[in-house]
Each structure stands twice: as C-alpha cells, then as structure tokens.
Amino acid sequence: MPETFDAIVVGAGPAGNSAALTLAREGLNVLQLERGEYPGSKNVQGAILYANALEQLIPDFRDEAPLERHIVEQRVWMLTEKSHVGTHYRSDDFNEERPNRYTIIRAQFDKWFSSQVKDAGALVICETTVTGLIRDSRGKVVGVTTDREGGEIFADVVVLADGVNALVSQKAGLRGELKPDQVALAVKETHYLPRDVIDQRFNIKGDEGVVIEAAGTITAGMLGTAFLYTNGESISVGVGCIVSDFAGSDISPYDLLERFKEHPSVRPLLADAELKEYAAHLIPEGGYKAVPQVAGDGWLVAGDAGQFVNSLHREGSNMAMTTGHLAALTIAELKREGRPMTAANLSTYRKRLEDSYVLKDLKKYRDLPTVLHKNKQFVTAYPELLSQAADTWFRVDGVDKRTKERSILRNFRRGRGLIGLVGDAYKMARAFR
Ligand SMILES: Cc1cc2nc3c(=O)[nH]c(=O)nc-3n(C[C@H](O)[C@H](O)[C@H](O)COP(=O)(O)OP(=O)(O)OC[C@H]3O[C@@H](n4cnc5c(N)ncnc54)[C@H](O)[C@@H]3O)c2cc1C
C-alpha cells in the first residue's frame with residue numbers, strides 16, 4: 001500500500017517553499033518534490049526580495065537568511081543610445097531596523113528557505129521531477145507520477161508551484177500553453193567586484209544597496225526592461241523582452257544585454273568586473289488576463305505557474321510566496337474542518353487571492369500589457385523625445401528659456417502629433433487606472 005500524504009507540493013521555489021512551510025506548520029503531512037539537485041539550483045531571479053511577503057511567514061528571517069544588501073536607492077531610467085533620463089529616490093528612512101527590500105542570490109536564499117520548510121516537518125525530496133498527475137475515476141487529482149522508479153505518490157491535494165513553464169499543469173490539461181506575447185525571456189549575468197569598489201561607484205556604505213530599472217530604445221523597439229542590482233560583492237545585470245517580440249527581431253537576448261552593458265551610463269559601473277555567471281529564464285508577463293484557473297478537484301496553482309507576476313513593479317517572488325501561503329491556508333482550513341479537497345471547496349483560494357494585493361494589483365494593471373503591445377512608441381519615440389527635451393532644457397547656449405519651451409513642445413508635436421499625444425496620454429491613464 002503506497003504512502004498517502006495530506007498534500008504534495010511540486011517545486012521548491014518561493015511559491016512551493018511558502019506553501020510547504022505553511023502546510024507543515026498547520027500540522028499536515030507534506031511531501032515537497034523538487035527536480036533540481038537542491039532548492040535554488042535551477043532558479044533565476046534579479047533578485048530583489050520584498051521583505052513583507054516573507055515576514056508574513058518568517059517574521060525574524062533577517063536573523064538568518066542569506067541577504068546581500070538592503071535597498072536605499074531606486075533609480076528608474078529611460079534610455080536612448082547615448083543618454084538616460086531618470087528619477088532617483090534615495091532615503092535614509094530605508095536604513096530602518098527592518099528594511100523593506102533586499103538583494104539576494106537565489107541559489108543561497110532558496111536553500112535557506114528550504115531548511116525552514118524541513119525544520120517545520122515537511123519531507124523534501126530533490127532530484128525528482130514530477131511527470132504527471134494521477135486522477136481517480138471521477139477525475140479528481142489524487143497524486144503525482146515522478147521520474148523515480150515506482151514513482152507514483154498519492155495525496156489528498158497537490159499544490160502546483162512548478163514555475164513559469166508549468167509543464168505538469170499543461171500536460172494534465174489544466175491550462176493551455178504559454179502564449180509568446182504573455183511571457184518574457186530574460187538573461188542575467190553576475191559581475192564580481194570588490195565590495196569597496198561597489199560602495200564607491202554607487203555612493204553606498206555597509207549593507208546599503210541600489211536598484212536600477214531601465215527601459216527605452218535599448219530594447220530595440222521590443223517590449224522589455226533592463227536592470228542592475230548591487231549585491232555584496234557582485235552586480236546583477238540583466239534584460240528581458242517579450243518572446244513574441246524576439247521572434248520578430250534578429251536581435252538575440254544576449255545582444256541586448258551586451259548593448260545594455262555597453263551603454264555609457266552602465267559601462268563605468270561594471271568596469272573591470274569579473275563575469276562569473278550567466279543565466280536565462282522566462283518570466284510570465286501576461287498579467288491579470290493570463291491568470292489561469294487557480295484551483296480544481298484536488299489541485300491548486302501558485303507562483304509563476306499561475307502567472308502571478310506584476311511586471312511593471314518587478315514583483316514575482318513576493319506574489320509567489322503570498323499565493324503559496326494562501327493556497328496552503330485554503331487547504332489547511334478544509335483539512336481542519338474535515339471537508340474534501342473538491343473544486344468547490346478549494347475555490348475559496350480564488351477569493352483569498354482577490355482579497356489580497358496579488359489579484360488587486362494585477363487587476364489594476366489588467367490593460368497595461370495590451371496597451372504596451374499595441375503602442376511601441378512608449379519604448380521608441382518617447383525616450384528620444386524626453387532625451388531631446390532634457391538636452392534642450394539643460395544646455396546653456398544663449399537661447400532664451402521661452403524659446404526652449406516652444407522648441408520642446410514643437411518637437412513633441414512633430415514626434416507624435418497633437419492627436420497622438422492626447423491619445424497616448426489617454427491610453428496610459430486607462431492602463432494605470
Ligand atoms: C531575470 C529575472 C529577474 C527577476 N527579478 C525578480 C526580482 O527582482 N524580484 C522578484 O520578486 N521577482 C523577480 N523575478 C521573478 C521571480 O523569479 C519569480 O516570480 C519567482 O521565482 C516565482 O517563484 P516560483 O516558486 O513560482 O517559481 P520558481 O522560482 O521558478 O520555482 C519553481 C521550482 O519548481 C521546480 N520544478 C519545475 N518543474 C518541476 C517538476 N516537474 N518537478 C519538480 N520540480 C519542478 C523548479 O526546479 C523550481 O525550483 C525575476 C525573474 C527573472 C527570470
């Protein structure tokens with residue numbers, strides 16, 4: 001007679017770890033399966049960790065978790081080939097006792113997170129790929145098949161936290177294939193530099209860190225963004241664009257990353273650094289409209305597998321942790337009340353998601369992906385127009401300021417036309433409503 005668990009969690013990223021930790025703490029008999037050699041070995045992220053989501057699970061995580069730097073400064077850049085127009089927000093308030101955002105290295109962080117899951121009592125087995133779902137005669141999911149010999153394992157419920165590709169759900173027909181216009185391909189490198197060099201280049205000290213997010217003509221007309229994050233003794237740098245845009249372009253992700261690294265605003269920050277790691281990964285960026293069915297008979301989906309990513313704010317790992325936690329709370333409540341893990345009973349998970357920031361935020365930006373797809377001028381014409389405006393405004397050349405103002409306005413009108421400008425403002429206002 002094979003062993004039956006209360007719950008099986010597929011994947012040991014932030015979503016799976018959060019779900020398994022919560023389930024184990026609620027007293028359930030939990031099995032977590034991870035295909036990687038260890039949790040984190042397969043995972044790629046920028047990576048910014050948002051403290052709030054983790055604090056809900058492990059309030060004192062700062063005492064032990066492998067954290068690189070806490071963020072004190074956020075830069076947002078709109079790039080052209082030679083310039084950037086940007087904003088910086090830096091505040092000493094971010095040097096608080098319990099900082100809000102950290103840079104992390106996922107391989108180390110996921111390993112630590114997993115140790116918390118094991119300590120809570122879950123059985124974690126790595127190097128095991130879940131190959132499918134087992135259903136009973138009524139179609140309810142009652143377990144998983146794995147690539148291990150005799151690899152059938154049974155459970156009352158399965159949490160699918162297997163990341164963006166979500167092959168298990170796809171194969172089982174629980175969701176369709178990823179659409180190329182709803183997913184970004186991102187590449188990332190880690191460049192090593194001595195700590196004091198990073199401190200000097202970014203004007204930081206101790207554990208302080210800086211985040212740079214960039215968009216603009218650097219992505220060659222494709223929808224996407226680039227980033228640069230300071231770690232303790234390294235800098236993470238990356239770029240990602242929508243897959244359907246790559247398909248229509250002859251520029252590779254690697255070319256884009258080279259362009260970003262060679263940009264005059266970026267090159268000095270990386271000078272003399274030693275490149276040690278390169279990784280590529282998909283990011284689900286379809287937003288609210290791409291979120292699939294989140295629960296059914298005997299299963300729930302959490303994290304990237306459910307497309308829970310707010311690409312505008314670069315929030316994915318926090319949504320993964322929150323959705324994993326909410327999925328586990330849904331299961332634990334049913335278990336406590338002795339109710340079966342049916343689709344109807346598990347549907348309260350969707351309600352929990354709607355009441356949380358996860359679906360509230362994704363819903364707020366539900367039209368943004370479509371607006372950006374259809375209006376590439378936001379990453380082509382506007383960066384150029386902004387750069388030209390800044391150049392005109394800041395250059396002291398004997399031209400009076402009123403003439404400069406007129407010249408800037410004329411340039412915008414010439415670039416987009418009056419109707420185009422009004423239309424663009426309207427589209428953006430709707431996309432951000
Ligand atoms: C370049 C890049 C930069 C990013 N930057 C940020 C950032 O700065 N901040 C942020 O919050 N988010 C960021 N994200 C998004 C973030 O990484 C994801 O949202 C987050 O990792 C999702 O967590 P998850 O647990 O759902 O999936 P994952 O982290 O992908 O974990 C899924 C796990 O499931 C395992 N698995 C998959 N299939 C199977 C199977 N069949 N059987 C067993 N195990 C399986 C995988 O090995 C993996 O360990 C970034 C993503 C990328 C690619």
Side-chain angles (χ1 to χ4, degrees), residues 8-20 31-54 71 101-107 109-111 113-114 124-133 144-148 151 153 158-172 183-190 211 213 224-229 231 236-241 253 257 278-285 301-311 313-324 327 358:
I8 292 173
V9 177
V10 185
N17 283 339
S18 163
L31 171 68
Q32 186 182 33
L33 297 170
E34 164 59 45
R35 70 183 168 150
E37 189 189 339
Y38 57 88
S41 61
K42 298 259 182 201
N43 295 340
V44 182
Q45 191 178 323
I48 308 293
L49 169 78
Y50 303 99
N52 178 266
L54 184 57
I71 308 305
R101 293 175 301 158
Y102 295 88
T103 45
I104 54 166
I105 293 178
R106 277 287 298 269
F109 177 81
D110 286 11
K111 225 184 208 179
F113 200 169
S114 179
V124 182
I125 302 182
C126 292
E127 295 183 279
T128 305
T129 300
V130 171
T131 50
L133 296 174
V144 299
T145 54
T146 71
D147 61 350
R148 296 224 172 199
I153 314 171
V158 175
V159 180
L160 294 155
D162 50 341
V164 56
N165 290 310
L167 293 178
V168 180
S169 331
Q170 263 187 58
K171 200 174 146 194
V183 64
L185 174 59
V187 288
K188 177 198 155 183
E189 290 179 352
T190 312
V211 163
E213 310 282 8
T225 51
F227 64 86
L228 191 149
Y229 303 152
N231 303 315
S236 298
V237 55
V239 62
C241 288
L257 185 54
Y278 176 86
H281 207 273
L282 296 175
I283 309 178
E285 298 206 345
V301 65
D304 277 12
Q307 304 256 348
F308 298 114
V309 168
N310 180 342
S311 56
H313 291 260
R314 278 201 181 276
E315 293 179 28
S317 62
N318 57 335
M319 291 201 164
M321 284 183 221
T322 302
T323 54
V358 174

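When a ligand or atom number is given, it counts from 1 through the structure's own listing order. Numbers for residues simply follow the sequence, beginning at 1.
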**Report entry** Nearest-contact summary for atom 43 (C) of ligand 1 - protein heavy atom, Å
**Finding:** R35 N, 3.3 Å
Requested in this report: Quick one: closest heavy-atom pair of E127 and R148, and the distance?
Outcome: O-NH2, 3.5 Å
Query raised in the report: At what distance is the nearest protein heavy atom to atom 22 (C) of ligand 1, and which residue and atom is it?
Result: D304 OD1, 3.2 Å
Report task. Indicate yes or no for a side-chain donor-acceptor contact from T131 to the backbone of T145 under 3.5 Å, with no hydrogens or angles considered. Result -> yes
Report summary line: ligand 1 to Y50, heavy atom cutoff 4.0 Å, flagged ligand atoms 9 (N), 10 (C), 11 (O)
Query raised in the report: What atoms of ligand 1 come within less than 4.0 Å of a heavy atom belonging to A186?
Result: 1 (C)
Query raised in the report: Is any N or O atom of E315, backbone or side chain, closer than 3.5 Å to an N or O atom of ligand 1?
Result: no
Report task. Return the minimal non-hydrogen interatomic distance between D110 and G13, and the atom names on each side. Result -> OD2-CA, 4.1 Å
**Report entry** Protein contact of atom 34 (O) of ligand 1 - nearest heavy atom, named by residue and atom, plus distance
**Finding:** G11 CA, 3.2 Å
Requested in this report: List the closest protein heavy-atom neighbour of atom 4 (C) of ligand 1: residue, atom name, distance to the nearest 0.1 Å.
Outcome: G46 N, 3.1 Å
Query raised in the report: Would you say the side-chain atoms of S41 pair up with the backbone N or O of P39, donor to acceptor, closer than 3.5 Å?
Result: no
Query raised in the report: In terms of residue, atom name and distance, what is the protein heavy atom nearest to atom 37 (C) of ligand 1?
Result: D162 O, 3.1 Å
Query raised in the report: Hey, does E34 come in under 3.5 Å of ligand 1, counting only N/O atoms on both sides?
Result: yes
**Report entry** Residue and atom name of the nearest protein heavy atom (relative to atom 25 (O) of ligand 1), distance in Å to one decimal
**Finding:** A15 N, 3.0 Å
Query raised in the report: T128 heavy atoms, cut-off 4.0 Å: which ligand 1 atoms fall inside?
Result: 42 (N), 43 (C)
Query raised in the report: Does G303 offer a backbone N or O that forms a donor-acceptor pair with the side chain of T323 under 3.5 Å?
Result: yes
Report task. Please report the shortest heavy-atom distance between L257 and Y278, naming the atom on each side. Result -> CD2-CE1, 4.4 Å
Query - ligand 1 contacted by T129 (non-hydrogen, < 4.0 Å) - result: yes
**Report entry** Proximal atoms of ligand 1 relative to G303 (non-hydrogen, under 4.0 Å)
**Finding:** 26 (O)
Report summary line: So for R106 against ligand 1, with non-hydrogen atoms under 4.0 Å, the contacting part is side chain
Query raised in the report: If you measure every N/O of V164 against every N/O of ligand 1, is any gap under 3.5 Å?
Result: no
Report summary line: salt bridge (charged side-chain N to carboxylate O under 4.0 Å, His left out) filter on R314, not counting sequence neighbours, yields E213
Query raised in the report: Are any of the N or O atoms of I48 closer than 3.5 Å to those of ligand 1?
Result: yes
Report summary line: Among I283, N310, T131, closest by heavy atom to atom 53 (C) of ligand 1 is I283
Report task. Taking T322 for its side chain and M319 for its backbone only, find out whether a donor-acceptor pair lies under 3.5 Å. Result -> no
Report task. Give the single entry among G36, P14, G306 that approaches atom 24 (P) of ligand 1 most closely by any heavy atom. Result -> P14
Report summary line: Within the 4.0 Å heavy-atom cut-off, what Y229 brings close to ligand 1 is side chain
Requested in this report: Calculate, to the nearest 0.5 Å, the distance between atoms CD and CG belonging to E285 and D304 respectively.
Outcome: 10.0 Å
Report task. Search all heavy atoms of S236 against all heavy atoms of N231 and return the closest pair with its distance. Result -> OG-ND2, 2.9 Å
Requested in this report: Measure the distance from atom 41 (N) of ligand 1 to every protein heavy atom, then report the residue, atom name and distance (to 0.1 Å) of the closest one.
Outcome: V130 O, 3.0 Å
Query raised in the report: Among protein heavy atoms, which lies nearest atom 6 (C) of ligand 1, and at what distance?
Result: Q45 CG, 3.2 Å
Requested in this report: For A47, counting its heavy atoms only, list the atoms of ligand 1 lying under 4.0 Å from any of them.
Outcome: 8 (O)
Query - Element-labelled atoms of ligand 1 that are located less than 4.0 Å from some non-hydrogen atom of A320 - result: 22 (C), 23 (O), 26 (O)
Query raised in the report: Can you find an N or O of G316 that's nearer than 3.5 Å to an N or O of ligand 1?
Result: yes
Report summary line: Note: ligand 1 atoms sitting under 4.0 Å from heavy atoms of G163 are 27 (O), 30 (O), 32 (C)
**Report entry** Region of A161 engaging ligand 1 - heavy atom pairs below 4.0 Å
**Finding:** backbone
Report summary line: Of all heavy-atom pairs linking N17 and S114, the shortest is ND2-N, 4.0 Å
Query - Backbone N/O of V10 and side chain of Q32: donor-acceptor pair under 3.5 Å - result: no
Report task. Determine yes or no for a side-chain-to-main-chain donor-acceptor pair under 3.5 angstrom, with Q170 supplying the side chain and N165 the backbone. Result -> yes
Query - Side-chain (N310) to main-chain (H313) donor-acceptor, under 3.5 angstrom - result: yes
Report summary line: The answer for which part of S317 has a heavy atom under 4.0 Å from ligand 1 is both
**Report entry** Flag, side chain of N318 to backbone of Y50, donor-acceptor distance under 3.5 Å
**Finding:** no
Report task. Give the contacting part of V10 toward ligand 1: side chain, backbone, both or neither, where contact means a heavy-atom distance below 4.0 Å. Result -> side chain
Query raised in the report: Heavy-atom contacts under 4.0 Å between N17 and ligand 1: side chain, backbone, both, or neither?
Result: neither
Query - Enumerated ligand 1 atoms positioned under 4.0 Å from heavy atoms of V168 - result: 41 (N)
**Report entry** Which atom of P14 lies closest to which atom of S317, heavy atoms considered
**Finding:** CB-O, 3.9 Å
Report task. Would you check if the side chain of E34 reaches a backbone N or O of A12 as a donor-acceptor pair within less than 3.5 Å? Result -> yes
